[in-house]
Amino acid sequence: ELNVWADAEVRIAPGVVIDASRGPVMLDRGATIGANAFIEGPCYIGEYSQIMPLTTIRAGTTIGPGCKVGGTVANSIFMGFISKQFEGYVGDSYLGRWITLGSGSNTANTKATYGEVSVQIGSSSHQTGRRVMGVMMGDHTKTSICTRFAPGAYVGYCSMLVGAGLTPRFVPSFSFWTDTGISKLIPAKGSEIARRVHDRRDRQWTDLDEQVHNDAVIQAAECEK
């Protein structure tokens, strides 16, 4: 039984391999699959998302609408409008909306000891009950080239990661991380950058977007108390 569903508007380039032997593959309206890409089910590719040539999408992956995805993604959730167009591995991770990952950004998902992965949130450490876990990342966060994440890394809303070393296990919302440490990103500046990103995709920054941004500002302030 053929376990692949593709909308009539889906475009599939030559050389694409779709393996639905382990679960269904769904390609939603307007999705584009580049030449020689490999897609393994179960998997969902959202509306108007672009899978770049030579990309590998492994089982358990959900790609939301409007994403641009390259490199390798495995067992992860991309909520929508994420730009990860180049090489790099994201596995066992959850990424929010409007995130940009620079070329060569990679997530580690297993500890060297093969022990349980914990998540650091503020000053508290939380056991996950999982031995495999990548990064959790909030909306509008951006990474520079070759950014590296430890297993169970947590990055908040609207942060910028530009350091050369391994990222901190916990990066608060509205943070600017470099090799010298973490400094504050002014929320108004974050909103300005987000508006530009929307404009590049021919989308408008709505009142709802502004409300979500302002709510994130309030929540970030509460977490600092």
Side-chain angles (χ1 to χ4, degrees), residues 22-23 38-44 55-64 67-80 82-183 185 216 219-220 223:
R22 296 176 56 190
F38 172 74
I39 300 177
E40 180 182 37
C43 174
Y44 169 80
T55 298
T56 298
I57 306 294
R58 302 302 298 267
T61 296
T62 297
I63 306 292
C67 293
K68 298 180 180 180
V69 181
T72 300
V73 180
N75 195 37
S76 296
I77 296 173
F78 285 21
M79 288 299 294
I82 289 173
S83 179
K84 182 205 174 302
Q85 299 187 54
F86 307 106
E87 289 302 314
Y89 174 76
V90 174
D92 301 280
S93 299
Y94 175 93
L95 275 63
R97 301 169 74 248
W98 295 103
I99 288 169
T100 299
L101 299 183
S103 178
S105 293
N106 287 285
T107 66
N109 56 3
T110 305
K111 296 174 66 173
T113 61
Y114 295 96
E116 182 179 355
V117 176
S118 63
V119 174
Q120 187 78 26
I121 301 179
S123 59
S124 302
S125 180
H126 303 269
Q127 296 299 317
T128 65
R130 299 170 59 95
R131 293 189 179 182
V132 179
M133 187 171 185
V135 64
M136 293 177 288
M137 188 179 300
D139 297 1
H140 296 289
T141 284
K142 297 170 177 55
T143 74
S144 65
I145 59 172
C146 299
T147 302
R148 298 177 296 148
F149 296 94
Y154 179 98
V155 183
Y157 175 94
C158 200
S159 292
M160 303 280 286
L161 309 178
V162 299
L166 192 67
T167 65
R169 293 184 59 222
F170 172 71
V171 179
S173 297
F174 300 106
S175 291
F176 187 80
W177 173 72
T178 67
D179 289 336
T180 60
I182 295 176
S183 59
L185 179 70
Q219 293 297 322
C223 289

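- Heavy atoms only, all atoms of each residue included: Gly163 and Ser144 are closest at O-OG, 4.3 Å.
- The main-chain N or O of Pro172 is found under 3.5 Å from a side-chain atom of Ser175 such that the two form a donor-acceptor pair.
- Looking only at side-chain heavy atoms (C-beta outward), Thr72 and Thr55 stay at 4.5 Å or farther from each other.
- The distance from atom SG of Cys146 to atom CD of Glu87, rounded to the nearest 0.5 Å, is 11.0 Å.
- By the neighbour-count criterion of 12 heavy atoms within 6.0 Å, atom CE of Met79 is sparsely surrounded, having that number or fewer from other residues, nucleotides or ligands.
- Residues meeting the ring-ring contact (aromatic ring centres under 6.0 Å, His included) test with Phe176, sequence neighbours left out: none.
- We find the CZ-CE distance between Phe149 and Met136 to be 12.0 Å, quoted to the nearest 0.5 Å.
- Sequence neighbours left out, the pairs with a member in residues 111-124 that pass side-chain hydrogen bond (donor to acceptor under 3.5 Å, both in side chains) are Ser118-Arg169.
- The closest side-chain heavy-atom distance from Asn109 to Pro151 is not below 4.5 Å.
- If you take CD1 on Ile63 and OG on Ser76, they are separated by 8.0 Å, rounding to the nearest 0.5 Å.
- With contacts defined as side-chain heavy-atom distances shorter than 4.5 Å, the pair Trp177/Val155 does not qualify.
- Note: Ile82 CD1 to Leu95 CG = 4.5 Å, rounded to the nearest 0.5 Å.
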Could you please spell out the steps behind the side chain to side chain contact (heavy atoms under 4.5 Å, CB included) verdict for Val90 and Leu101?
-> CA-CA 10 Å; Val90 174; Leu101 299 183; 3.8 Å; yes
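- Considering Val171, Thr147, Thr107, Asn106 as possible partners of Val135, the one that fulfils the side chain to side chain contact (heavy atoms under 4.5 Å, CB included) test is Thr107.
- A search for side-chain contact (heavy atoms from CB on, under 4.5 Å) contacts involving Ser83 returns Gln85, Thr100, Arg201, not counting sequence neighbours.
- Counting only heavy atoms from C-beta outward, the side chains of Phe170 and Ile121 approach each other to under 4.5 Å.
- Taking the side chain as every heavy atom from C-beta outward, Tyr154 and Met137 never approach each other to under 4.5 Å.
- Counting heavy atoms from C-beta outward, Val119 and Met133 have side chains that approach closer than 4.5 Å.
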Start with the C-alpha gap between Lys84 and Val73, add the side-chain angles, then the distance that decides, and say whether side chain to side chain contact (heavy atoms under 4.5 Å, CB included) holds.
-> CA-CA 10 Å; Lys84 182 205 174 302; Val73 180; 4.1 Å; yes
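- Leu166 CG: more than 12 foreign heavy atoms inside a 6.0 Å radius.
- Taking the side chain as every heavy atom from C-beta outward, Val69 and Phe78 approach each other to under 4.5 Å.
- Judged as a side-chain hydrogen bond (donor to acceptor under 3.5 Å, both in side chains), the pairs with a partner in residues 129-143 (not counting sequence neighbours) are, in order, Ser105-Thr143.
- Contact check for Ser159 versus Tyr157: no side-chain heavy atoms found under the 4.5 Å cut-off.
- Remark: Ser125 pairs with no residue by the side chain to side chain donor-acceptor pair (under 3.5 Å) rule, at least two apart or across chains.
- Shown here are the salt bridge (charged side-chain N to carboxylate O under 4.0 Å, His left out) partners of Glu40, two or more places apart in sequence or in another chain: Arg22, Arg58.
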